[in-house]
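Single-structure report; data block below.
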There are 2 protein chains.
Amino acid sequence: MDNSPHILIVDDDREIRDLLGRFLQKHGCRVTTARDGREMRAALEDWSIALIVLDLMLPGEDGLTLCRELRANSEIPIIMLTAMGEETDRIVGLELGADDYVAKPFNPRELLARIKAVLRRGSERAEAPPADGGQFARFAGWTLDLARRHLRSPDDVAVTLTTGEYELLVAFVDHPQRVLSRDQLLDFTRGRSAAPFDRSVDIQVSRLRRKIEADSAAPELIKTVRSGGYMFTPAVERS
Amino acid sequence: MDNSPHILIVDDDREIRDLLGRFLQKHGCRVTTARDGREMRAALEDWSIALIVLDLMLPGEDGLTLCRELRANSEIPIIMLTAMGEETDRIVGLELGADDYVAKPFNPRELLARIKAVLRRGSERAEAPPADGGQFARFAGWTLDLARRHLRSPDDVAVTLTTGEYELLVAFVDHPQRVLSRDQLLDFTRGRSAAPFDRSVDIQVSRLRRKIEADSAAPELIKTVRSGGYMFTPAVERS
DNA sequence: GGAATTTGTAACGGCATGTAACGCACCGCG
DNA sequence: CGCGGTGCGTTACATGCCGTTACAAATTCC
């Protein structure tokens, strides 16, 4: 349950969320659930989701709407759940960018198999090309170039970051002014969940602070929240 | 009964309040009850509520009205109690933002199970994204930057606060000019209730005073209310 | 395949936080 | 006016969380 894929289940039916969630957890996935578009977006904010299982029928915004919205911003694989086995829905779903679909009532094993297949397929595929919007992130005078993986200090000096430091900084820049738990940070940077005595986040934070804090003994940019995690305090402006 | 979730029961029926309250307390919850919208709002002022059990039928403002009002300001999970098992009510309730609903007469165990499920889900969910409004709180010349966790003294010197001191000050700033009991302060800062001989609030107050009071022997900002708690006396202006 | 770099693990030390204990202020009482 | 009692401020530790260093494992780069 460490380096496992993080699956997001979006369904308004509590039974399905709970049963499917437990089933997938038993089979080596991390699982987060959401009942609607709002919770889905929140979960996508909070975790690095590997794949979304999306119900077609939802109160409020329905699955097709959400699917289209997701595809506009991201490449996250989607498996649609549909009560109707109609061919048209299948086609519409796939045309909107769903990677597969499963008709309800479904066999959990079948869904799991399709999840694995889609993930396997996805991992073979190219990494997402430079996601268009927001190539630069500016905070407290610093400039982070997301495309070139470059960081420039306020006095315009290039600072070289290791991969891990860069990923950590990106996680912070993507979620500023929020307390992020070590678990969330590991999910964002490494796609895994924290082991009981995992201190790797702490030392990466320590190393990153040494490079970007004026006084790493009194950090201003990355604040520690005791027994809570860390918080990136400056406002971030993207362009 | 220490680090337990604080449940607010809103129902006009004393039987239900008492029985359900005792049942939940026996199962490891802290419980506060309210008879109507007014008492509900008071309880939300006084405590850090983890979840609200809200009756649909209430004298005065009914549950749906309150539910909509709550959702306008907060993300606190809501479980609706409804006498009618009609599907329409369920849908209306859920669309207004209730997280689950239980039909009366209900089995307390079932309600408890749903409470736990909602809390589990909620804990996975996002903190509110950088809530834009009200990032600064000003009092007696001091400026507290809620986004950056910064405090500046009247003569514009940065004062570093520990996590605990910061949380305590936020609790005061959120509830100025009111007497706050130690129990309430613990609830706001740590989300737990006070143990019989718990003095931890006292010493945090002592430490905070040392940093923000001109003369910590004659405190002006944080006054002690004998056998009552503490009171944050200055007016707080937010922006 | 070997060297350099990066990253995680273990360990130590420092600091924040809570517990215990002491002393003082306030209060009702004789 | 003295006297205990209660409640609070504070100091002195104990505990646990966190920052950091040192080193080992893993990864990358030739």
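Lettering of chains follows the sequences in order, A, B, ..., and the numbering in each one begins at 1.
Among the atoms of the strands shown, only primed sugar atoms or phosphate atoms (P, OP1, OP2) are found under 4.0 Å from some heavy atom of B/Tyr230. Using a 4.0 Å heavy-atom criterion, one finds that B/Val201 contacts no nucleic acid atom at all.
Nucleotide D/dG16 holds its P atom 17 Å from the CG atom of A/Asp202, rounded to whole Å. Atom CZ in B/Arg209 sits about 11 Å away from atom P in D/dC8, given to the nearest Å. The interatomic distance linking B/Glu213 (CD) with D/dT10 (P) rounds to 10 Å, in whole Å. Distance B/Arg226 CZ to D/dG9 C1': 12 Å, rounded to the nearest Å. In this structure, the CG atom of A/Asp198 is 13 Å from the P atom of D/dC18, given to the nearest Å. Atoms CD (A/Gln204) and P (D/dC18) sit 17 Å apart, rounded to a whole Å. Atom CG of B/Leu185 and atom C1' of D/dC8 are 15 Å apart (whole Å). We find that CG of A/Leu208 is positioned 15 Å from C1' of D/dT20, with the value rounded to whole Å.
By the 30° and 60° cut-offs, the orientation of the rings of A/Phe188 relative to A/His175 is parallel. Using the six-membered ring where Trp is involved, A/Phe139 and A/Phe232 have ring planes that are perpendicular, over 60° apart on the 30 and 60° scheme.
Taking the 5' to 3' direction, DNA chain C first and last meets chain B under 4.0 angstrom from a heavy atom at C/dA16 to C/dC26.
Between B/Arg210 and D/dT11, a side-chain N or O to OP1/OP2 separation shorter than 4.0 Å is present. Side-chain N/O atoms of B/Ser206 include one lying less than 4.0 angstrom from OP1 or OP2 on D/dT10. Taking side-chain N and O atoms only, B/Arg199 has no distance below 4.0 Å to OP1 or OP2 of D/dT10. Phosphate proximity of D/dC18 to A/Thr224: absent, as no side-chain N or O sits under 4.0 Å from OP1 or OP2.
Counting heavy atoms from C-beta outward, A/Arg22 and A/Leu20 have side chains that stay 4.5 Å or more apart. B/Leu112 is listed as a side-chain neighbour of B/Phe23, based on a closest heavy-atom distance under 4.5 Å. Counting heavy atoms from C-beta outward, B/His6 and B/Arg192 have side chains that stay 4.5 Å or more apart.
A donor-acceptor pair under 3.5 Å is formed between the side chain of B/Arg17 and the backbone N or O of B/Asp11.
More than 12 heavy atoms of other residues, nucleotides or ligands lie within 6.0 Å of CZ in A/Arg182, so this atom counts as buried by the packing criterion.
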